[in-house]
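Written below as structure tokens is the structure these notes are about.
Every value quoted in this text rests on a predicted model; they were computed, and no experiment measured them. When a ligand or atom number is given, it counts from 1 through the structure's own listing order.
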Amino acid sequence: MTTATTGLDDERVGAVLDEIARTAERNDPDVMKRAYATAADWPQPPTAQEAAELCAQAALPVHPQVGTFLYQLIRSLRPALVVEFGTSFGASTIYAAAALRDNGGGRIIGSELHPGKADRARSHLERAGLAGYAEIRTGDAREQLATLPGPVDLLLLDGWKELYLPVLKLLEPALRTGGLVVSDNLPMLPPEFTDHVRAAGNGYLSQQLPLGDGIEFSVRLQQEA
Ligand SMILES: C[S@@+](CC[C@H](N)C(=O)[O-])C[C@H]1O[C@@H](n2cnc3c(N)ncnc32)[C@H](O)[C@@H]1O
């Protein structure tokens, strides 16, 4: 496969993405094992906040296939506004911001519940030279994404899986007709979410794509009346 040089080939971008990938390879399996073992003893499933604390040292980046797909979509769509649920250390944000820079403009608003992770994502974006294209909001996406500067052209869902549907419903009024929703980690998604985007009459055309461990890819065909 031959490709043109893109912002993903930029040395600083590549160095930060590699560093996040290496950190994930080194730490994530143990962090996640400990998180599941700890929560298994709790009487209730962890809240989103508790889960974020348990996974504070896990990078959990998007698979490079998903990151590259985001880059491609953004280069093609030329969005003014990309919104992200679940920023973590900022890998997906970097793929998106690199595409926005190559487009010559646009902005990504990310959201991250864990303050330490949000700070780390901001510093990664700075080191990648992409801070001017991204804003990371610290806190619960259900509050942080309630106010946006304009219509959403592309939405990436990559936070806790049980919150994909509430976050999508919050953003639906802002999602423009023709806007895209990329939902990562399809095998882990609750059926209520996939039922919602696949059901006739809900205003999406949606299907799974074999990128990473699977994504759901949805096009918003109409806004709710
Ligand atoms: C799979 S990771 C995101 C990975 C990131 N997209 C990347 O490619 O590097 C999921 C992240 O979502 C965050 N998260 C979970 N629930 C959240 C919420 N309600 N609001 C904001 N962030 C949340 C977690 O703290 C975690 O860091």
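An N or O contact shorter than 3.5 Å is missing between Phe85 and ligand 1 by distance. Note: an N/O pair closer than 3.5 Å links Val62 and ligand 1 by distance alone. Between Ala52 and ligand 1, a contact under 3.5 Å exists for no N or O pair. The N/O atoms of Ala48, backbone and side chain alike, include none that comes under 3.5 Å of an N/O atom in ligand 1. For ligand 1, one of its N or O atoms has an N or O atom of Glu112 under 3.5 Å away. Residue Leu60 has no N or O atom closer than 3.5 Å to an N or O atom of ligand 1. Checking only distances, Arg142 never comes within under 3.5 Å of ligand 1, N or O to N or O. No N or O atom of His114 sits closer than 3.5 Å to an N or O atom of ligand 1.
Protein heavy atom in closest approach to atom 9 (O) of ligand 1: Ala91 N, 3.1 Å. Of all protein heavy atoms, the one lying nearest to atom 16 (N) of ligand 1 is Trp160 CD1, 3.2 Å. Closest protein heavy atom to atom 7 (C) of ligand 1: Ser92 OG, 3.3 Å. For atom 20 (N) of ligand 1, the closest non-hydrogen atom of the protein is Ala141 N, 2.8 Å. For atom 10 (C) of ligand 1, the closest non-hydrogen atom of the protein is Asp158 O, 3.0 Å. Scanning the protein heavy atoms around atom 23 (C) of ligand 1, the nearest turns out to be Leu113 CB, 3.6 Å. Remark: minimum distance from atom 19 (N) of ligand 1 to any protein heavy atom is reached at Asp140 OD1, 3.1 Å.
The option from Gly90, Gly116, Gly86 that lies nearest to atom 12 (O) of ligand 1, judged by heavy atoms, is Gly86.
Salt bridge absent: Asp140 and Arg137 never bring a charged side-chain N and a carboxylate O closer than 4.0 Å. The residues Arg122 and Asp119 are annotated as salt-bridged, a charged nitrogen and a carboxylate oxygen being separated by less than 4.0 angstrom. A salt bridge between Arg127 and Glu19 is present, with a side-chain N of the basic residue lying under 4.0 Å from a carboxylate O of the acidic one.
Looking at Ser88, its side chain does come within 3.5 Å of a backbone N or O of Ala59 through a donor-acceptor pair. Formation of a donor-acceptor pair under 3.5 Å by the Gln144 side chain with backbone atoms of Ser111 is not found in this model. Judged purely by atom type and a 3.5 angstrom limit, Asp10 uses its side chain to pair as donor or acceptor with the backbone of Arg12. The backbone N or O of Gln72 sits nowhere less than 3.5 Å from a side-chain atom of Ser76 that would complete a donor-acceptor pair. For the pair Thr47 (side chain) and Glu50 (backbone), a donor-acceptor distance under 3.5 Å is present.
With values rounded to the nearest 0.5 angstrom, Asp153 atom CG is found 12.0 Å from Leu73 atom CG. The distance from atom OG of Ser218 to atom CG of Leu168, rounded to the nearest 0.5 Å, is 7.5 Å.
Residue Gly159 has at least one heavy-atom neighbour below 4.0 Å for each of these atoms of ligand 1: 10 (C), 12 (O). Against a heavy-atom cut-off of under 4.0 Å, Gly139 is close to the following atoms of ligand 1: 20 (N), 21 (C). Which parts of ligand 1 touch Lys117 is read off a 4.0 Å heavy-atom cut-off, strictly below it: atoms 26 (C), 27 (O). Counting the atoms of ligand 1 from 1 in the order shown, those under 4.0 Å from a heavy atom of Leu163 are 19 (N). With ligand atoms numbered from 1 in the order given, ligand 1 contributes 7 (C), 8 (O), 9 (O) to contacts under 4.0 Å with heavy atoms of Pro61. Close approach of ligand 1 to Ser88 (heavy-atom distance below 4.0 Å) involves ligand atoms 2 (S), 3 (C), 4 (C), 5 (C), 27 (O). Close contacts of ligand 1 with Thr87, meaning ligand atoms under 4.0 Å from a residue heavy atom, involve 5 (C), 7 (C), 9 (O).
Taking the six-membered ring where the residue is Trp, the centroids of Phe217 and Phe69 are separated by under 6.0 Å. Between Phe193 and Tyr164, a ring centre-to-centre spacing shorter than 6.0 Å is recorded.
No side-chain donor from either of Glu216 and Thr194 sits under 3.5 Å from a side-chain acceptor of the other. Judged by distance alone, the side chains of Thr138 and Glu112 never bring a donor and an acceptor atom under 3.5 Å apart.
Listed by first then second residue, pairs satisfying salt bridge (Lys or Arg N to Asp or Glu O under 4.0 Å) with a partner in residues 59-75 read Arg75-Asp102, not counting sequence neighbours.
Heavy atoms of Gln144 found under 4.0 angstrom from ligand 1: none, in either backbone or side chain. Neither the backbone nor the side chain of Thr93 has any atom closer than 4.0 Å to an atom of ligand 1 (non-hydrogen atoms only).
Proximity of Ala58 to ligand 1 is not established, as no heavy-atom distance is less than 4.0 Å.
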